[in-house]
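In what follows, a single structure is set out as structure tokens and then discussed.
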Amino acid sequence: MIQVRNITKSYGSLQVLKGIDLSIGKGEVVSIVGPSGAGKTTLLQIMGTLDSPDGGTVILDGTDVTALSSNKLADFRNNNVGFVFQFHQLLPEFTAEENIMLPALIGGGKRSEAKQRCRELLDFLGLADRAHHKPAELSGGEKQRVAVARALINNPAVVFADEPSGSLDSKNKQELHQLFFDLRDKFGQTFVIVTHDEELARITDRTIHIIDGVVMNDDKDNTVEDGTAEIRREE
């Protein structure tokens with residue numbers, strides 16, 4: 001699903017990524033961990049096509065995204081990649097339903113089809129009765145679930161999440177963590193999650209440790225041979 005080869009990235013004289021190599025299989029829920037400043041978010045943004053590397057290649061679902069023009073890259077991103085951020089980044093003037101549908105409409109999808117997909121996601125996420133509420137009328141956990149639905153509206157191959165539970169309380173954290181596995185089981189997406197949350201890292205299929213811009217440890221003990229991960233859950 002994701003192939004990263006010799007990715008480097010510098011900002012001025014500071015080299016943030018120093019030749020990253022990793023592979024992530026279809027259907028895996030993978031966490032990326034490491035100390036602040038290790039390069040986790042930079043790597044996530046490069047894999048998610050939000051930033052460009054100085055060198056190396058990123059292949060997503062068979063496409064070398066580092067070779068695409070800016071216009072083709074924008075189209076690819078909208079149709080194949082979803083994002084979940086720490087502070088949800090919902091548009092305050094839009095309802096939950098409108099926020100969720102926005103990527104589909106930007107991509108030229110039919111409103112009727114986007115609305116049907118939106119309703120399916122709202123039902124699955126237990127938000128059907130919140131569809132017409134604006135973000136200010138939603139709890140923190142509800143806002144983040146709306147953000148997850150928005151990430152899934154175009155049925156992307158992979159969802160990238162940057163500290164998705166960082167702003168949530170313990171109960172909502174646990175619910176969101178379980179949700180990633182439930183969504184993988186239902187819709188088949190790959191999830192790549194940057195996190196400082198030890199609980200989340202512990203239950204993901206695989207944990208990639210990054211320190212000082214290099215992969216120090218890639219825990220592959222819980223993946224099956226075909227690259228599709230087994231679910232790890234606490235007993």
Side-chain angles (χ1 to χ4, degrees), residues 1-4 24 26-29 41 43-53 57-138 142-162 164 179-180 182-194:
M1 172 57 66
I2 304 173
Q3 302 290 326
V4 174
I24 297 172
K26 180 177 174 57
E28 279 195 279
V29 179
T41 293
L43 176 60
L44 192 80
Q45 291 176 340
I46 289 173
M47 287 194 293
T49 75
L50 295 176
D51 198 358
S52 300
T57 59
V58 177
I59 298 174
L60 293 182
D61 202 19
T63 297
D64 182 355
V65 297
T66 49
L68 296 178
S69 67
S70 58
N71 287 339
K72 289 184 178 179
L73 186 61
D75 289 340
F76 180 90
R77 182 188 306 120
N78 189 60
N79 291 315
N80 296 278
V81 180
F83 298 95
V84 181
F85 303 99
Q86 180 174 353
F87 295 106
H88 56 76
Q89 297 187 355
L90 302 177
L91 297 177
E93 67 272 25
F94 290 166
T95 65
E97 182 179 78
E98 290 167 339
N99 269 284
I100 294 167
M101 290 172 57
L102 193 59
L105 300 179
I106 290 174
K110 293 181 179 179
R111 178 172 288 273
S112 59
E113 293 177 355
K115 196 161 191 172
Q116 181 178 351
R117 171 68 170 164
C118 176
R119 287 175 175 171
E120 176 187 5
L121 291 168
L122 285 168
D123 285 342
F124 184 79
L125 295 172
L127 293 169
D129 62 340
R130 312 298 278 169
H132 302 296
H133 289 68
K134 292 184 177 179
E137 302 170 307
L138 303 174
E142 288 171 338
K143 290 176 187 177
Q144 200 61 304
R145 280 184 282 159
V146 169
V148 170
R150 180 184 57 190
L152 294 170
I153 188 68
N154 286 336
N155 196 30
V158 58
V159 175
F160 295 100
D162 191 0
L179 178 61
F180 292 135
D182 295 341
L183 289 167
R184 185 265 300 276
D185 294 345
K186 182 172 178 62
F187 299 114
Q189 271 92 8
T190 301
F191 285 84
V192 182
I193 308 164
V194 163

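Legend: residues meeting side-chain hydrogen bond (donor to acceptor under 3.5 Å, both in side chains) with Glu98, ordered by chain and number and at least two apart, are Thr95. Listed by chain and number, the residues in a side-chain hydrogen bond (donor to acceptor under 3.5 Å, both in side chains) with Glu137 amount to none (sequence neighbours excluded). Every residue two or more places apart in sequence or in another chain that forms a side-chain hydrogen bond (donor to acceptor under 3.5 Å, both in side chains) with Asn155 is listed here: Gln189. For Arg77, the salt bridge (Lys or Arg N to Asp or Glu O under 4.0 Å) criterion is met by no residue, not counting sequence neighbours.
Remark: the backbone N or O of Leu125 is paired with a side-chain donor or acceptor of Arg145 at under 3.5 angstrom. In this structure, the side chain of Asp162 does not engage the main chain of Ile193 through any donor-acceptor pair within 3.5 Å. In this structure, the side chain of Asn99 does not engage the main chain of Val146 through any donor-acceptor pair within 3.5 Å.
Inter-residue side-chain proximity for Ile153 and Cys118 is flagged as met; some heavy-atom pair is nearer than 4.5 Å. Residues Val159 and Val192 have side chains not in contact (no heavy-atom distance under 4.5 Å, counting atoms from C-beta outward). With contacts defined as side-chain heavy-atom distances shorter than 4.5 Å, the pair Thr49/Leu60 qualifies. You'll find the side chain of Phe83 stays beyond 4.5 Å of the side chain of Gln45, heavy atoms only. Under the 4.5 Å side-chain criterion, counting only non-hydrogen atoms from C-beta, Leu102 is in contact with Leu91. Using a 4.5 Å cut-off on side-chain heavy atoms (C-beta onward), Phe180 and Pro164 make contact. Side-chain contact between Leu183 and Phe124: present, with at least one pair of heavy atoms (C-beta onward) separated by less than 4.5 Å. Glu28 is not listed as a side-chain neighbour of Met1, based on a closest heavy-atom distance of 4.5 Å or more.
A distance of 13.0 Å separates NZ of Lys143 from NE2 of His133, quoted to the nearest 0.5 Å. Taking CG of Leu138 as the start and CZ of Arg130 as the end, the distance is 5.5 Å to the nearest 0.5 Å. Note that CG of Asp51 and CG of Leu43 are 11.0 Å apart. Values are rounded to the nearest 0.5 Å. Arg150 CZ to Gln144 CD: the interatomic distance, rounded to the nearest 0.5 Å, is 8.5 Å. Rounded to the nearest 0.5 Å, atoms CG (Asn154) and CZ (Arg117) are 8.5 Å apart. For the atom pair CG of Asn79 and CD1 of Ile106, the computed distance is 11.5 Å after rounding to the nearest 0.5 Å.
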Worksheet entry | Ile2/Met47 under side chain to side chain contact (heavy atoms under 4.5 Å, CB included): CA gap, chis, key distance, verdict | CA-CA 8 Å; Ile2 304 173; Met47 287 194 293; 4.1 Å; yes
Discussion item. Side chain to side chain contact (heavy atoms under 4.5 Å, CB included), that's the test. Do Leu121 and Phe187 meet it? Break it down for me.
Written reply: CA-CA 10 Å; Leu121 291 168; Phe187 299 114; 3.9 Å; yes
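The side-chain hydrogen bond (donor to acceptor under 3.5 Å, both in side chains) contacts involving residues 104-113 comprise nothing, where partners must be two or more places apart or lie in separate chains.
In terms of heavy atoms, Leu90 sits closest to Pro135 at CB-CG, 3.8 Å. Taking all atoms of both residues into account, the shortest heavy-atom contact from Asp123 to Ala128 is OD1-CB, 3.2 Å. The two residues Gly48 and Val81 have their closest heavy-atom pair at O-CG1, 4.1 Å.
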For residues 66-75, which side-chain donor-acceptor pairs fall under 3.5 Å, sequence neighbours excluded?
residue	atom	partner	partner atom	Å
Thr66	OG1	Asp64	OD1	2.4
Ser69	OG	Lys72	N	3.4

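Within a 6.0 Å radius of CD in Gln116, other residues, nucleotides and ligands contribute 12 heavy atoms or fewer.
The ring of Phe191 has its center no closer than 6.0 angstrom to the ring center of Phe160.
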